[in-house]
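In the text below, chain A, chain B and the rest are named by the order of the sequence lines, each starting its count at 1.
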Protein chains: 4
Amino acid sequence: MIIILKSEVSEEQIGHVIERVEALGLKAHLSRGTYRTIIGVIGDEQKISAQPLLAIPGVQDVIPVLPPYKLASREAHPQPSIVEVAGVRIGGGHLAMIAGPCAVEERERMDAIGSAVKEAGANLLRGGAFKPRTSPYAFQGMGEEGLKLLRETGDKFGLPVVTEVMDPRFVEMVERYADMIQIGARNMQNFSLLTEVGRCQKPVLLKRGMSATVEDLLMSAEYILSQGNSAVVLCERGVKSFDKATRNLYDVGSVALVKLLSHLPIIVDPSHATGRPDLIPSCALAGIAAGADGVHIEVHDCPERAKSDGPQALLPRQYAEVVGQIRKLAELFGKSISAPRRA
Amino acid sequence: MIIILKSEVSEEQIGHVIERVEALGLKAHLSRGTYRTIIGVIGDEQKISAQPLLAIPGVQDVIPVLPPYKLASREAHPQPSIVEVAGVRIGGGHLAMIAGPCAVEERERMDAIGSAVKEAGANLLRGGAFKPRTSPYAFQGMGEEGLKLLRETGDKFGLPVVTEVMDPRFVEMVERYADMIQIGARNMQNFSLLTEVGRCQKPVLLKRGMSATVEDLLMSAEYILSQGNSAVVLCERGVKSFDKATRNLYDVGSVALVKLLSHLPIIVDPSHATGRPDLIPSCALAGIAAGADGVHIEVHDCPERAKSDGPQALLPRQYAEVVGQIRKLAELFGKSISAPRRA
Amino acid sequence: MIIILKSEVSEEQIGHVIERVEALGLKAHLSRGTYRTIIGVIGDEQKISAQPLLAIPGVQDVIPVLPPYKLASREAHPQPSIVEVAGVRIGGGHLAMIAGPCAVEERERMDAIGSAVKEAGANLLRGGAFKPRTSPYAFQGMGEEGLKLLRETGDKFGLPVVTEVMDPRFVEMVERYADMIQIGARNMQNFSLLTEVGRCQKPVLLKRGMSATVEDLLMSAEYILSQGNSAVVLCERGVKSFDKATRNLYDVGSVALVKLLSHLPIIVDPSHATGRPDLIPSCALAGIAAGADGVHIEVHDCPERAKSDGPQALLPRQYAEVVGQIRKLAELFGKSISAPRRA
Amino acid sequence: MIIILKSEVSEEQIGHVIERVEALGLKAHLSRGTYRTIIGVIGDEQKISAQPLLAIPGVQDVIPVLPPYKLASREAHPQPSIVEVAGVRIGGGHLAMIAGPCAVEERERMDAIGSAVKEAGANLLRGGAFKPRTSPYAFQGMGEEGLKLLRETGDKFGLPVVTEVMDPRFVEMVERYADMIQIGARNMQNFSLLTEVGRCQKPVLLKRGMSATVEDLLMSAEYILSQGNSAVVLCERGVKSFDKATRNLYDVGSVALVKLLSHLPIIVDPSHATGRPDLIPSCALAGIAAGADGVHIEVHDCPERAKSDGPQALLPRQYAEVVGQIRKLAELFGKSISAPRRA
């Protein structure tokens, strides 16, 4: 921690800052420059990071030298983590191929889509039973009925299932049906929910918030990790931007950055990042080339009848083509797509 | 609703789109231009807005002509709404002066701050008992103990109290202690929580999300209104920006825009919008000048000891000065600051 | 300047960094912390700021302690500057009321608009003869013919004139006709142009770029000041945002921030900031309340016939009303609107 | 073009809008809906797009159905364009490998870097003689001396050269020395400069502005194309974002989008997009996987001595490694890296 003092700081104020630092059992190292005096704080930065030093008279700026996350950091865990979801490995050279409809729909649809994505090469089936919709008048998901259908479809086609939970009251229920629990972008900083999934036994897919920095994302992962659940997979799904030509701005650089800062796997979701089927294939490949540990794509056999986000879904044959290209890239980079245990 | 078709659309595709529109009991009005054919949809737009028309082959774009919110809209309710919080009126010419510490702290602090903001002219006391903190290692609030302390402080100084709820499981508890329930920026699209507060009997202070559009904000208000709770006050508190000189970007234009689009009151929170005490007074005045129905400011008598957000708090005497200036502006604009019922 | 070293830095690397610092005649102050070693650089920060210290092996971060601008800073010039434009004072309690059409049009229009804004209370007339248009097919302005017309209109109604220059080859020409030279948002970092207007004798109105930070804006002012032209007025005109409900996001906080960091006057332009006539009056008042030294508003007597930006122009009577309200605010804040010398 | 009228529009106003449309020789097609009346404009949209229809009383919104660029559009030119720079082909399956120092420096540096990037596999040499620097006190480039050095270095190693022009007065001079002329991000909407390079005979590398939409970028290309210069290569180099962990936000989705909308080649510049050497290799690969027609990377043999942007430069051996990986990707995608004519 470095404390930069104001140019007009008084000796008394300097003394007060040093006193506050030392009261926490830390050492203050004073350095008087030509224009500014700075204080280097020596010792455990965590102790002092919670203190409102910036509010002390005479303090101009407070600069941390360590990242605020610990369990999620690469320093704490130099090797990349591998998260296993019912036999499907994610990270450390293993790619997740997550596919399925935006929302769980009736059995016939689920059978058609589940069968198609299985055949196309997916190793995880997705589908939302609780849907976070901007409008209270839009379809909100099938609830527990949807969870059952998803589970049955996964079992039928030998695909582990991933589904979103939006409410801490339903974590237990979702955990009963799902192999992996998704935290959506809108809930990335729903700290009650993060704490709750941190206490459960299933791996978590944590999607980046629409205006969350990479540090914010890692801090949200830290919430889950600090509760004891170490099976966290991150997901880049686009951030808000001034350009409305795509639904969001696909931040592929965040994948490369997370790889440097953290040991956690990170996958990409070009469906939500772009919102346009005609951009999804290129962006999926870009994600893998940037180092992502998998790709999440929404697939529907009849997008114009989908109950949610139809316009951004790929058709099964388009998805199969993307998976084919990803396989070639994976081979080039020495990565593999593992099969589910029950396949 | 206007449907724009692709230049290469076939007659069969046009027929299919029209069929889909008419199947919903709506009328399709075809208009063939030189470069594009468009279809005007005549009838209740809500019926069709949930349909993934964009996913139909041949469709290039779908443009709604009505806003997606109804209860929150100015069209539905031409007169400005007035929300009453234990006697304090907000909206329609009445200003809310909400002040207090970021987090509820020990009784001595609460007494000192409560007394100071009351004297300075606040008509509502704020304080968080549940704090949404980016770090799992930061102070998370005093919980129910904090709610009790806030209630007692409010009662002692004759100030109704407003406090945040973060978890649907605690709405009932917060409702028992608070006069007004706050939904924080990070939870603006926590739809489970919105639904829950929509069912309660207390007025709601809904803060704008960090990257929420004004339409998103109004849609979140619609969630609450559609559950039967019509006492919603909006709050502009800054949005994410590329400039890190201030904590957020204070979007004062959103106040003017909300006034055009909606009947709901909107206040401003320059504390979170700027994160800098030296900018708060000017920004508070700017908010009132733009038409805001009140100002939310964090006040602490010893910011360097505050358990949360100390560096952005005003001192009581700074707050008193701002209130003085706001009073003059209010007079100029013919507005008033009403007193609490129990004062 | 503070240099933070990487955790794994070697003694040899530390020695190399210190050597580089001392070679510039500065002193390096080493401080070894528990997790990181930092080096405080003592002496003239400008000398070292141009050095790519971050590229030295072992360096993690380089943190300046001084702002990179000098002439524009409040430290260098504690009193607010007053810029005079043909008798009209801007800054230090004096407000500029700049109004006129987006583009200079034919004489009849200019007469009608010039007369109207004069009567409404404007003290400076604007109008573009060179228009930066996104499309090469849009009206590009009348050129020198337009400059003449603007000059004549200003003279006829006793209003000094301000107009934009986009090309360093035309600075001399624009200087001949105008009382104040405008640098538009798209050219805020056109350094050739800044250098050229820095060498001329006329005051400069420097508009903030669409994604320029406040520091970027002050650095661009520094370009002009460093060439010897000290008559610079800044202008907030909105920045890019994720919300398309308004043309730009009106950053009224930047006004308050500039007042802290710099002595230069700053005005607001709610016309470009919002792009919506129905929001301009509220936003103009908010700007003045935030401390702005004036307001720039586009006015047209027949917006639907305007050759550029008609939809965002106020009608003369709407403008007169805004000026009336600004006068009341000005009085409240003890500010005045000075009259042109030749009025 | 579609004109949406306000709900309270009068018959007289509708008549007036129709009259305005027909006066331009276009046909107005009226469609009365349940909530809104809309007017479809049939005929050449360009004629009407310059008209301020939104300013007509009763008009709520004006929606174009065609993109505002013509020459740059894929519709106008369905096959991808190939731009040739002294024998090096860019686009249509041919990749540009542009490398070199940020700024042209002394001969010894240029020789070392030129030789290194040639050997590593670059086919174009870059280097700035005119540098757009945020600070007036920073190194501004060597000017014509730099152009000569760049030319000589290119000739020595058989690499065509690309260099930036910032001022319309220097276009002729830069054209004499360079094989390709670069327009930097800060000048993407410097329309005088675009017009000037549109008149010259050399290919242009047009970098995307820091907050330019893809449509803005294509409109700037249209400026150049409309002057007669059809050899335009676009460049994605990152946009402004709320996350400061990287210099800019690398928008790889824009590459895929440009491929859909336009026939022009587009390359990526991960050096400026990320500002971090440790992210450049991954992001370069992601760009190629997304469909980019080349990669622009800054290379320096001694970054800590570089006169500009040293911290973001790759070392020659790092660059050689990236080129090796790009070659493998290129092979997978059936693309090639062509050699310069004079090599």
*asked:* Parallel, tilted or perpendicular, judged at 30° and 60°: which one describes the rings of C/His272 and C/His296?
replied: tilted
*Proximity breakdown for B/Leu257 and chain C, heavy-atom pairs closer than 4.5 Å*: both
*So which of C/Asp216, C/Asp278, C/Leu261 has the biggest tally of heavy-atom pairs under 4.5 Å with chain B?*
C/Asp278
*What distance separates B/Leu234 CG from B/Ile267 CD1, expressed to the nearest 0.5 Å?*
9.5 Å
*For C/Tyr250 and C/Cys283, indicate whether the former's side chain and the latter's backbone hold a donor-acceptor pair under 3.5 Å.*
yes
*asked:* With a 4.5 angstrom heavy-atom cut-off, is it the side chain or the backbone of B/Leu329 that approaches chain C, or both, or neither?
replied: both
*Taking NZ, NE, NH1 and NH2 as the nitrogens, is one of them in C/Asp269 or C/Arg126 under 4.0 Å from a carboxylate oxygen of the other?*
no
*asked:* Which one wins on heavy-atom pair count under 4.5 Å against chain B: C/Ser211, C/Gly253, C/Gly291, C/Ala256?
replied: C/Ser211
_Treating B/Ser220 as the side-chain partner and B/Met188 as the backbone partner, does any N or O pair qualify as donor plus acceptor under 3.5 Å?_
yes
*Among B/Val239, B/Leu249, B/Asp243, which residue forms the greatest number of heavy-atom pairs with chain C at distances under 4.5 Å?*
B/Asp243
*C/Asn123 versus C/Ser338, closest heavy-atom pair with distance*: ND2-O, 2.9 Å
_Report which part of B/Ala273 has an atom under 4.5 Å of a heavy atom belonging to chain C: side chain, backbone, both, or neither._
neither
*Measure distances from C/Ala292 to the heavy atoms of chain B and classify the residue's part below 4.5 Å as side chain, backbone, both or neither.*
neither
*Between C/Arg208 and C/Asp251, does at least one N-O distance fall below 4.0 Å, as a salt bridge requires?*
yes
_Quick check on B/Val255 against chain C: is it the side chain, the backbone, both or neither that has a heavy atom closer than 4.5 Å?_
neither
*Residue part contacting chain C, namely of B/Lys240, when any heavy atom lies under 4.5 Å*: backbone
